[in-house]
Amino acid sequence: MWTVLVSLYVLCTMGAYSQTLAKRKQNQENTVLVTFCKRYLSGVDKQWREFLERGEKASKPCAEGKDTCSKYATCTDLSIGGATNCDCFFGFFGNGHRCTGSRGKSYVVVFMRNIDLPTETSPGTRRAQISVVSLKKTDVRLSSSPVLTAKLKSTIDQTVSMNPNAVRTVTVSHEIRVNDFVVENKAIIVETSEVTSVFAMNHDGYTSDSTLVLPIDRLGTEYVISSSKPHNSRVPDYNSQVAFAAVSDRTRVSLKLKLAKGQTVTYKGKYHPDGSRIIVNLNKYQTFQLSHNGDLTGTRVTSNKPVAVFSGNRCNKLNSYGYCSHLVEQMPPVESLDTTYVIPPHVDRSGNLVRVVSVNTGSTAFSITKGTSTMSKTIRRYGKFDIVISGKQVAVVRARNKVLVLSYGLAAPRSRNGFPYMTMVPGVNQYIHQYHVSVPQGFEDNYFAIIVKKSSKSTLRINNNRISTIELETPVTVGSVDYVVLTVKVQPGVHRVETTGQSRFGLTVYGHGHYDGYGFAANILGPGKI
């Protein structure tokens with residue numbers, strides 16, 4: 001009975017009745033609806049109307065904080081008792097109760113070690129940068145551990161204000177970089193008054209890389225990391241590394257090492273071979289980094305409380321061209337990973353090294369399509385598979401279980417631009433329909449790689465404008481869905497990228513500079529808990 005009464009109330013108080021009444025006044029239409037609603041609203045059903053109105057006044061879940069909307073959604077009390085409407089904020093995709101995206105209000109940033117003395121690169125500016133992007137006027141607060149040295153703390157702790165639709169880049173001392181095998185208090189906490197996107201750039205001379213920073217409320221307790229095989233195992237500057245930070249006191253972190261046969265990691269005077277565990281206990285905003293002269297890919301990081309995990313290489317050279325460059329990405333929790341990935345090309349490179357990493361205890365079967373050829377592979381638990389694709393090819397990975405997929409841009413011959421960089425590849429189910437990203441200053445060429453359904457290409461907008469120039473367009477089919485992979489050249493600064501019809505798409509950002517390069521994904525989180 002309640003449902004019927006609510007339906008009648010909506011019918012007689014909203015557009016249908018009003019439109020019909022207007023038409024009747026113009027002698028265009030005569031309907032029973034007008035007669036019924038006039039009687040209903042004038043008192044024939046007065047008792048039920050009063051009941052409805054009392055219910056509406058008695059129940060306003062949004063105003064009372066009793067709604068079930070995501071904290072990243074607007075909540076609107078409707079005019080019928082207790083009903084609400086939830087809409088995800090810009091940069092999130094979902095039904096309003098669950099909103100997927102990498103934006104937030106609270107972050108923890110770790111800067112891994114870069115090369116100490118630039119030997120393969122010309123000495124230059126050494127800096128650690130945090131870029132905050134906001135649609136609204138926002139206050140940004142950076143803080144550090146209260147036990148951090150006063151000198152270093154003075155370069156970090158600050159509060160700044162941002163204008164709407166802007167990026168604010170804060171440079172802190174490179175001494176905030178973490179050191180190997182020691183617990184330190186070097187996490188940087190970023191808190192914003194409005195929802196933002198955050199990116200970090202670790203720069204040392206001509207060796208840089210960047211990463212998307214994940215909000216604290218989307219951190220997890222299980223990760224599998226990726227790095228790359230050091231170019232020279234006898235030179236520590238090439239070491240692979242993994243670093244993590246705690247966001248709560250009494251956090252117990254376990255690293256289960258994945259090492260090549262015969263290799264070991266030395267920690268606290270003990271040799272730790274493949275498969276052994278290293279336990280680290282951290283308090284809030286403490287950090288720890290482990291490095292190794294072999295590849296750490298497949299090392300598993302688990303904890304009793306959420307942690308932020310970063311991995312890569314201090315400075316590595318992945319092919320025979322050029323010099324080394326810093327490699328880093330923040331790792332997404334295993335729960336956020338996907339099974340299907342489209343790997344875009346990196347233009348003006350000699351190619352991409354595509355790496356597929358198993359995050360499962362058993363074997364993982366997958367297929368990888370490169371151009372017109374498809375191969376099937378199986379990797380053992382926490383194993384990896386590498387394949388090089390050309391600078392204009394698109395690859396597709398489809399796995400039976402969740403996998404981690406990364407793309408390493410390779411240096412090109414006879415080019416001083418764009419030495420190696422490391423980029424997470426977003427899975428198809430991690431795509432969203434709106435992004436707000438920052439393209440860093442200091443690089444000569446910057447690009448968006450956009451993976452969008454062919455039918456939605458015309459709805460793409462960058463800063464509310466249609467895309468006028470496309471550097472490269474490659475069609476690809478995933479299952480029964482046709483996509484196009486677009487390479488678009490962009491300028492430094494803040495960019496709003498979206499589709500007008502809410503069609504989800506993938507986005508990665510990369511760039512090349514003087515003996516340098518960077519890359520990151522604009523979202524690497526799947527449907528989640530917020």
Side-chain angles (χ1 to χ4, degrees), residues 72 88-93 99-105 107 109 129-136 138 140 162-170 190 192 194-203 208-215 218 328-330 332 344 346-347 407 409 421-427 430-443 445-452 460-465 467 470-471 485-500 502-513 517-525:
Y72 294 125
C88 294
F89 292 161
F90 181 94
F92 292 90
F93 186 87
C99 297
T100 297
S102 296
R103 290 160 59 78
K105 290 186 175 183
Y107 305 82
V109 183
Q129 293 181 319
I130 298 172
S131 295
V132 181
V133 183
S134 179
L135 279 171
K136 298 180 179 180
T138 306
V140 181
M162 292 178 56
N163 292 322
N165 193 35
V167 56
R168 184 64 180 261
T169 298
V170 179
V190 180
T192 60
E194 299 291 343
V195 175
T196 55
S197 303
V198 175
F199 309 90
M201 171 73 74
N202 195 341
H203 180 88
S208 306
D209 203 0
S210 60
T211 182
L212 170 71
V213 181
L214 304 181
R218 288 305 305 271
V328 62
E329 282 282 54
Q330 182 168 0
H346 290 213
V347 297
S407 177
Y421 47 89
M422 174 180 179
T423 307
M424 291 291 308
V425 179
Q430 296 169 336
Y431 294 174
I432 56 179
H433 69 292
Q434 296 169 320
Y435 299 86
H436 204 211
V437 298
S438 170
V439 175
Q441 300 284 342
F443 294 85
D445 299 305
N446 302 281
Y447 300 95
F448 286 160
I450 302 172
I451 308 105
V452 64
L460 275 169
R461 300 291 186 272
I462 298 178
N463 302 324
N464 297 318
N465 298 315
I467 300 174
I470 296 172
E471 302 289 322
V485 182
L486 311 176
T487 301
V488 181
K489 198 169 187 177
V490 294
Q491 295 299 313
V494 62
H495 296 277
R496 174 172 171 158
V497 191
E498 59 194 312
T499 53
T500 57
Q502 296 193 352
S503 176
R504 296 189 294 164
F505 62 98
L507 175 66
T508 63
V509 185
Y510 64 95
H512 311 139
Y518 73 90
F520 59 86
N523 181 57
I524 51 174
L525 295 175

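All residue numbers in this chain count up from 1 along the given sequence.
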Value for CG (L460) from CG (L507), rounded to nearest 0.5 Å, stands at 9.5 Å
Using atom types as modelled and distance alone, determine if a side-chain donor or acceptor of [X] lies under 3.5 Å from a backbone N or O of [Y].
| X | Y | answer |
| --- | --- | --- |
| S210 | A200 | no |
| R103 | F90 | yes |
| N463 | N465 | no |
| T196 | G104 | yes |
| N165 | K136 | no |
| N523 | S102 | yes |
| E471 | K489 | no |
| Q330 | L214 | yes |
| Q129 | V170 | no |
| D209 | N202 | no |

Cationic tip of R504 above F93 ring, under 6.0 Å, 45° of axis
yes
Examine [X] together with [Y] and report whether their ring centres are nearer than 6.0 Å.
| X | Y | result |
| --- | --- | --- |
| Y72 | F92 | yes |
| Y510 | F520 | no |
| Y421 | H512 | yes |

From the list S438, S208, S131, side chain to side chain contact (heavy atoms under 4.5 Å, CB included) partner of M201 resolves to S208
In short, S407 meets H346 closest at the heavy-atom pair OG-NE2, 3.6 Å
Checking Y431, Y435, F448 against F505 for ring-ring contact (aromatic ring centres under 6.0 Å, His included), the one that qualifies is Y435
Verify side-chain hydrogen bond (donor to acceptor under 3.5 Å, both in side chains) between T499 and S503, making sure each step is shown before the conclusion.
CA-CA 6 Å; T499 53; S503 176; 5.1 Å; no
Got V190 and V140 here, is their nearest side-chain heavy-atom distance under 4.5 Å?
yes
